[in-house]
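Below is one structure, written out as structure tokens; the observations come after it.
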Amino acid sequence: MNSNPKDRVMIFDTTLRDGEQSPGATMTHEEKLEIAGLLDSMGVDIIEAGFPIASDGDFNAVSDIAKNTQNAVVCGLARANLKDIDRCWEAVKHARRPRIHTFIGTSPLHRAIPNLTMNEMAERIFETVAHARNLCDNVQWSPMDATRTEWNYLVRVVEIAIRAGATTINIPDTVGYTAPVESSDLIGKLISMVPGADEVVFATHCHNDLGMATANALAAVAGGARQIECTINGLGERAGNTALEEVVMAMKVRGDIMPYYTEIDATKLMHVSRRVSTVSGFQVQPNKAIVGKNAFAHESGIHQDGMLKNAETFEIMRPEDVGLSETSIVMGKHSGRAALRSKLKDLGIALADNQLNDVFVRFKELADRKKEVYDDDLIALVTTFEDSSAKDRLALKSLRVRCGTAGPANAKIVLSVDGVDKSASQTGDGPVDAAFKAVRDIHPCSAILALYQVNAVTEGTDAQATVSVRLEDNGMIATGQSSDTDTVVASTRAYIGAINRLMVHREKLGNNQTQISYKDMA
């Protein structure tokens with residue numbers, strides 16, 4: 001294994017900042033802390049925890065992540081003004097290893113936003129980076145939209161940032177405009193031409209608008225970058241960011257032509273991917289590289305024959321390398337707690353004893369309804385448990401639906417509302433529509449249903465359905481997700497889950513706090 005420090009690539013994860021900027025991907029405070037803990041345990045070098053000045057909620061999340069993170073650097077984002085930087089420092093200063101990340105748009109299009117001349121912007125860059133460095137000895141600076149910035153001006157401002165005290169220079173392809181050959185060339189030229197470049201770390205931040213984020217990030221590493229900014233599942237603005245799992249595994253598998261390495265524990269990739277998918281409400285596409293459901297699936301007869309004879313004929317990675325179990329059907333209604341705990345451990349899922357007992361009850365109920373319980377069934381079961389284990393104001397107690405080929409569907413529902421059971425009956429165009437209307441009868445909700453998505457977890461008529469629901473209400477976005485062998489039940493629980501999250505968001509914003517919405521940040 002390569003152990004040359006010069007070939008070590010640091011992983012900067014911005015799932016909690018850039019990833020959360022995806023419309024509909026807003027996470028709760030507790031979910032952010034959970035994801036940060038998973039990233040830390042997986043070996044992520046730098047966690048960009050949020051944008052502290054955006055809202056009190058963002059500030060508190062960054063501050064708590066800073067206090068609880070054991071190993072990773074904890075970074076906050078700040079625009080190029082002193083107020084932003086001071087607020088960022090207040091949030092990250094509790095970390096064992098804090099970092100301030102400040103940025104400003106340097107391309108002609110972005111310079112026009114604050115209406116600054118080149119010289120005025122250069123002065124602001126020096127002032128703000130120097131201010132950040134006076135607060136923190138770990139400062140990252142980014143020229144937003146660097147790949148569309150004039151070359152001479154980019155060289156000038158990078159040199160200014162280094163002189164002002166930046167320790168990391170990040171070169172963002174903010175709009176996913178560049179191509180791999182340009183990405184490598186740009187980083188290489190900056191390192192060779194900018195005075196002081198050999199004293200700082202160069203980073204790359206790529207967006208996937210043209211589908212080249214991973215290729216651009218790896219090309220930048222070949223050009224000399226030693227930090228990749230990325231997100232779990234490629235989550236992020238518009239078409240997303242560089243996917244962490246893709247660059248990590250690309251360097252592991254193709255070390256022959258990319259002799260670089262990270263400290264990421266790749267066996268935890270699947271678990272973190274699934275958890276981010278759940279809390280963000282963004283399903284991973286089946287054919288997604290590394291973590292997609294079909295990434296290690298083979299249906300072609302030729303492929304299956306080759307796999308049976310030698311897995312390497314059609315697989316360049318082993319499933320267990322990324323945290324997948326080799327077996328797919330091992331559990332049933334006669335399995336005990338010890339077997340369930342062992343199986344979940346194989347899947348990268350660790351539960352406390354009280355959690356295991358609760359999941360075991362649900363597992364037995366599922367096993368009574370299904371002949372075979374697959375790995376994906378267990379993952380969906382645990383995911384639903386984790387998503388519903390919080391003390392929600394609304395909870396489904398019972399649901400009965402009737403529908404036929406003629407006439408509307410009817411749904412009778414009982415909800416627990418703040419501990420009090422309430423019932424309603426409604427008709428609709430189908431069972432799901434009727435159930436949602438019955439929920440609104442008990443708890444009126446004006447939110448718009450922005451997304452309703454159903455995915456079968458496994459094969460067969462007894463397969464569990466995983467349902468994702470996204471609601472939008474006056475600028476607030478909330479998601480809910482649930483799994484069940486009954487699609488209507490899963491749909492109703494997901495819908496109720498999204499309503500619960502909306503209520504949490506309303507409570508947090510109930511004090512008329514200001515919240516900055518600043519899209520397309522570096």
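Counting from 1, the numbers follow the sequence of the chain as shown. Predicted model only: the values in this text are computed from it and were never measured.
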Problem set entry | Thr174 and His207: side chain donor to acceptor below 3.5 Å | no

Problem set entry | Heavy-atom neighbours of Tyr153 OH exceed 12 at 6.0 Å | yes

Result block: side-chain N/O donor-acceptor pairs under 3.5 angstrom for residues 194-203, not counting sequence neighbours:
none

For this session: Quick one: list whatever passes side chain to side chain contact (heavy atoms under 4.5 Å, CB included) with Asn81, sequence neighbours left out.
Result: Arg79, Lys83, Asp84

Exercise. Strictly by modelled atom types, are Asp64 and His29 linked by a side-chain donor-acceptor pair under 3.5 Å?
Worked result: yes

Seminar exercise, completed: So the salt bridge (charged side-chain N to carboxylate O under 4.0 Å, His left out) pairs with at least one residue in residues 202-228 (sequence neighbours excluded) are Asp209-Arg238

For this session: Could you tell me whether the side chains of Thr466 and Asn455 share a donor-acceptor contact shorter than 3.5 Å?
Result: no

Exercise. Using 4.0 Å as the upper bound for N to carboxylate O, is an ion pair formed by Arg501 and Asp473?
Worked result: no

Problem set entry | Residues Glu31 and Arg275 bridged, charged N to O under 4.0 Å | no

Exercise. Looking only at side chains, do Gln453 and Gln481 share a donor and an acceptor under 3.5 Å apart?
Worked result: no

Seminar exercise, completed: Between the SG atom in Cys230 and the CG atom in Asp18, the distance rounded to the nearest 0.5 Å is 11.0 Å

Exercise. What distance do Glu34 atom CD and Ile65 atom CD1 have between them, rounded to the nearest 0.5 Å?
Worked result: 11.5 Å

For this session: Search all heavy atoms of Asn233 against all heavy atoms of Lys288 and return the closest pair with its distance.
Result: O-CE, 3.9 Å

Exercise. What salt bridge (charged side-chain N to carboxylate O under 4.0 Å, His left out) pairs are there with at least one residue in residues 159-185, not counting sequence neighbours?
Worked result: none

For this session: Using a cut-off of 6.0 Å, state whether more than 12 heavy atoms not belonging to Asn68 lie near its atom CG.
Result: yes

Exercise. Taking atom types as modelled, is there a side-chain donor on Thr117 or Asn119 under 3.5 Å from an acceptor on the other?
Worked result: no

Exercise. Taking atom types as modelled and ignoring hydrogens, do the side chains of Glu229 and Thr204 form a donor-acceptor contact shorter than 3.5 angstrom?
Worked result: no

For this session: Check the side chains of Thr106 and Thr149 for a donor-acceptor pair under 3.5 angstrom, ignoring hydrogens and angles.
Result: yes

Exercise. Would you say the side-chain atoms of Ser183 and Asn216 include a donor-acceptor pair closer than 3.5 Å?
Worked result: no

Problem set entry | Gln140 side chain to Thr168 side chain, donor-acceptor N/O pair below 3.5 angstrom | no

For this session: Would you confirm whether Glu246, through its side chain, and Ala243, through its main-chain N or O, come within 3.5 Å as a donor-acceptor pair?
Result: no

For this session: Just do the side-chain contact (heavy atoms from CB on, under 4.5 Å) check on Thr178 and Leu186 with the steps written out, would you?
Result: CA-CA 10 Å; Thr178 199; Leu186 180 62; over 6 Å; no

Exercise. Any side-chain heavy atom of Met270 within less than 4.5 Å of one from Ile290?
Worked result: no

For this session: Could you tell me the separation between the OG atom of Ser192 and the CD1 atom of Ile187, rounded to the nearest 0.5 Å?
Result: 11.0 Å

Problem set entry | Heavy-atom closest contact (Phe103 atom, Leu77 atom, distance) | CD2-CD1, 3.6 Å

For this session: Evaluate side chain to side chain donor-acceptor pair (under 3.5 Å) for Glu20 paired with Thr15, printing each intermediate quantity in order.
Result: CA-CA 6 Å; Glu20 207 214 6; Thr15 301; over 6 Å; no

Problem set entry | Between Asn241 and Thr231: side-chain donor-acceptor atoms closer than 3.5 Å | no

Seminar exercise, completed: In this structure, CE of Met212 is separated from CG of Asn208 (nearest 0.5 Å) by 9.0 Å

Exercise. According to the salt bridge (charged side-chain N to carboxylate O under 4.0 Å, His left out) rule, which pairs have a member within residues 98-113, sequence neighbours left out?
Worked result: Arg111-Glu150

Exercise. Under the criterion side chain to side chain contact (heavy atoms under 4.5 Å, CB included), which of Asn170, Ile162, Val157 is the partner of Trp141?
Worked result: Val157

Exercise. Any idea how His101 and Phe12 line up, ring-wise: parallel (<30°), tilted (30 to 60°), or perpendicular (>60°)?
Worked result: perpendicular

For this session: Please identify each residue that fulfils ring-ring contact (aromatic ring centres under 6.0 Å, His included) with Phe282, with sequence neighbours left out.
Result: none

